[in-house]
Number of protein chains: 2
Amino acid sequence: MLKAPQLFINEQQCLANIKKMAAKIPAGFIFRPHFKTHQSAKIGNIFKACGIHKITVSSLEMAGYFIENGWQDITLGITCNIHWTEDINLLGQKASLNIVVEDAHVLRVLMKEIKIDCGVFIKVDTGAGRTGVKSSDVNVIDDLVLLLKNSEYLHFKGFLSHAGHTYACKNKEEISEIYFQSYSQMSVLKERYIKDFSNIILSYGDTPSCSVVDNLSHFDEYRPGNFVFYDLMQYEAGVCSYDEIAVSVAAPVIAKHKDRLEIVVHCGAVHLSKEYIEIEGQKVYGEMSISAQAPSLNRAFVKRLSQEHGVIGVNKSVFEAINVGDTVSIMPVHSCLTVHQFANFLK
Amino acid sequence: MLKAPQLFINEQQCLANIKKMAAKIPAGFIFRPHFKTHQSAKIGNIFKACGIHKITVSSLEMAGYFIENGWQDITLGITCNIHWTEDINLLGQKASLNIVVEDAHVLRVLMKEIKIDCGVFIKVDTGAGRTGVKSSDVNVIDDLVLLLKNSEYLHFKGFLSHAGHTYACKNKEEISEIYFQSYSQMSVLKERYIKDFSNIILSYGDTPSCSVVDNLSHFDEYRPGNFVFYDLMQYEAGVCSYDEIAVSVAAPVIAKHKDRLEIVVHCGAVHLSKEYIEIEGQKVYGEMSISAQAPSLNRAFVKRLSQEHGVIGVNKSVFEAINVGDTVSIMPVHSCLTVHQFANFLK
């Protein structure tokens, strides 16, 4: 009896995913999950119940939202915008904040304008090619560290990296390789500056790495986000099991087309997002769960997606079993983007 | 001084786009624009000021929203969900509604449960392969028409098609060909049933078709949506001029990487959407406006996109001219999806 697509969160599975990740991080190492994946105080409470109190966010808006909801220790994990200083001065009165920098010009502006105590991580690019200084650019890093050494309010915390290139990996081995390559780059930096800063933190993120490596005791801090829900992309890369996927979209079936063996659901790009992966050379925007078990040989993928429609290819027996008016369950390709589409639902 | 990505709508250009489209539709033909593109009462008012009073939407929620905002004549342009009947009975008391069907089983349910006067279009698939009956499936269509002939509340209005396959066209000629192929399929249906229903309406949509064909006097009704904003996809297909793109996202520059000649903006998949087009064999998620003029030889594309970040490739002189902290303007690939991401902003 579904009138519109609806997000479904398996909170028991979220809890299991959080506990499993937390158990991999030994005492003395920091677990600072990324909350951009869910952006939800409600899901945040599941983390809180597991004793997690340090978090990462990726916008000023999320920082404000989670502070309002009682979170007191937040890293703004996106390279700091120089126009955020006024807000940082306000938010920093309510919570302990860390920011991320990669540019001396920006850091000088921040040092001039930020008037509250604030932790600073230097962003390191270990190969993702998005933001951050390469670990080999020691002159740039020397300059940043020197500036921080003389800063009154901005306190050098360490180096932060997001190895986003693990998302393009095809298997566990490739992911593991990036993890250890990143560690080797970042540990050199720790050694270089440890004399002057004895508490340097190496902070590392990304769900593929943190899921695949058994014992998270190399970096000092871990910031995965996606693992709370996982998704089809992570399953296909061997990062999670089918059962660990804790998010789906319930979608009403509005049409069936026997000649094409396709069912059409009211569930489109504004619900799932247009993220896709390729499976057997075919673009896939989501997978319909046919049973509660692991996927059968005959998987049913969302093959095409427009604003409000999804088209799912099925075999003959599945086609016959599903009727117009039924609700089907679709696993998203990328849970962070899908959940964002339903952000108000989780608030 | 931008703290977060922000949608920018050029309302003057919207007005010009609406007037231009309206002028192509002669008196006696119906202009029923699709409001899924903007989902905004504010943008709706620009249409209203142009004398447009009939609209199309693609969800129950949008229908309710626009009725609340004074719209009285609405086609629910998505194949009707059998669980919508209660809402249709309520909304139908406040506005004149049309729904879309393609399946006799569904139609029987709707006939049983809908107790207010409601127009019905039969959805025809002229080649998009999403929803709708093929015009050659005359037995299916005969059954639907016969059911409607004997319905007390549901009134047969005609045939409705969305030639969504025009969005994959590379040029005007391909688009034009689909328009006339669709017309030839649908006009056969009109002839077949005109004896019994003298006012059959052939309703046709999609911005590429409606923009490319000079004189919209073949079908009886036109339902384009995207044209109010246009976007990079339409520009690349030759559907609109550069100046006609009425939407952009203002994005703060947070990092620059000289070795890669890339600038990084806080503007990601949750702002632009993950829709892409290929230009010169490269995935493109948006285009940075370098000047107010038509694009120069050195265009600057959003090459990579993660949740909150976009990476723009630029040439050396553009790289030098842009500083961290600046705001750049990005044209989206698909305005419907980008504007949806900022839906609250336009409400």
Side-chain angles (χ1 to χ4, degrees), chain A residues 1-4 36-37 58-61 78-84 86-87 102-103 105-106 109 123 125 128-132 134 162 164 167 225 252-257 259-260 262 264 266 268-270 273-276 304 306-309 311 323-325 334 336-337 340-341 343-344, chain B residues 1-4 36-37 58-61 78-84 86-87 102-103 105-106 109 123 125 128-132 134 162 164 167 225 252-257 259-260 262 264 266 268-270 273-276 304 306-309 311 323-325 334 336-337 340-341 343-344:
Chain A
M1 289 290 290
L2 203 64
K3 294 181 200 173
K36 76 176 173 61
T37 301
S58 54
S59 71
L60 210 50
E61 193 187 348
I78 186 172
T79 302
C80 191
N81 182 330
I82 57 173
H83 305 304
W84 283 0
E86 203 179 312
D87 295 79
E102 61 180 88
D103 180 297
H105 161 68
V106 170
V109 174
K123 182 75 182 272
D125 178 8
R130 192 176 67 183
T131 50
K134 284 182 188 152
H162 174 66
Y167 281 88
V253 175
I254 57 169
K256 291 176 69 179
H257 287 273
D259 55 327
R260 312 189 306 249
E262 289 178 349
V264 184
H266 181 191
V270 296
S273 94
K274 263 241 148 161
E275 188 90 84
Y276 72 89
R304 299 191 297 282
S306 46
Q307 182 166 345
E308 299 271 348
H309 294 81
V311 178
N323 294 308
V324 168
H334 189 170
C336 305
L337 299 188
H340 180 87
Q341 299 303 107
N344 291 334
Chain B
M1 287 290 292
L2 203 63
K3 294 181 201 174
K36 75 176 173 65
T37 300
S58 54
S59 71
L60 211 50
E61 193 187 346
I78 186 171
T79 302
C80 191
N81 182 331
I82 57 173
H83 306 305
W84 283 0
E86 204 178 311
D87 295 79
E102 61 180 271
D103 179 299
H105 162 67
V106 171
V109 174
K123 182 76 182 272
D125 178 7
R130 191 176 68 181
T131 51
K134 284 182 187 151
H162 173 66
Y167 281 87
V253 175
I254 58 170
K256 290 176 68 179
H257 287 274
D259 55 328
R260 312 189 306 250
E262 288 178 350
V264 183
H266 181 190
V270 296
S273 95
K274 263 238 147 163
E275 188 90 84
Y276 70 91
R304 298 191 297 283
S306 47
Q307 183 167 343
E308 299 272 348
H309 295 80
V311 178
N323 294 308
V324 168
H334 189 170
C336 305
L337 299 188
H340 181 86
Q341 299 303 106
N344 292 333

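The basis for the numbers below is simple: all heavy atoms, side chains too, and nothing from hydrogens, waters or symmetry mates. Chain letters run A, B, ... following the sequence lines, proteins first and then strands; every chain starts at 1.
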Measure the CD-CG distance between Gln341(B) and Leu337(A) for me, rounded to the nearest 0.5 Å. 8.5 Å
Is there a side-chain contact between Arg130(B) and Ser306(A), using heavy atoms and a 4.5 Å cut-off? yes
If you look at every heavy atom in His266(A) and Ser58(B), which pair is closest and at what distance? NE2-O, 4.0 Å
Is there a side-chain contact between Lys134(B) and His257(A) (heavy atoms, below 4.5 Å)? no
I'd like to know which of Asp103(A), Val311(A), Val106(A), Asp87(A) tops the heavy-atom pair count under 4.5 Å against chain B. Asp87(A)
Can you name the nearest heavy-atom pair linking Arg304(A) to Gly129(B), along with the distance? NH2-O, 2.6 Å
Most contact-rich option vs chain A, by heavy-atom pairs under 4.5 angstrom, among Lys36(B), Glu275(B), His105(B), is Lys36(B)
Non-hydrogen atoms of chain A under 4.5 Å away: do they reach the side chain of Thr131(B), the backbone, both or neither? both
Measure distances from Tyr276(B) to the heavy atoms of chain A and classify the residue's part below 4.5 Å as side chain, backbone, both or neither. side chain
Considering only heavy atoms, which portion of Val324(B) lies under 4.5 Å from any heavy atom of chain A: side chain, backbone, both, or neither? both
Heavy-atom nearest pair, Gln307(B) first then Cys336(A), reads OE1-CB, 3.3 Å
Ser59(B) backbone acceptor or donor facing Glu308(A) side chain under 3.5 Å: no
Report yes if some heavy atom in the side chain of Ile78(B) is under 4.5 Å from a heavy atom in the side chain of Ile254(A); otherwise report no. yes
Given the options Glu61(A), His340(A), His334(A), Glu262(A), which has more heavy-atom pairs under 4.5 Å with chain B than any of the others? His340(A)
Side chain, backbone, both or neither: which part of Val270(B) has a heavy atom under 4.5 Å from chain A? both
Mind checking the CG-NZ spacing from Asn81(B) to Lys3(A)? Nearest 0.5 Å is all I need. 9.5 Å
With a 4.5 angstrom heavy-atom cut-off, could you sort out which part of Asn323(B) is near chain A: side chain, backbone, both or neither? neither
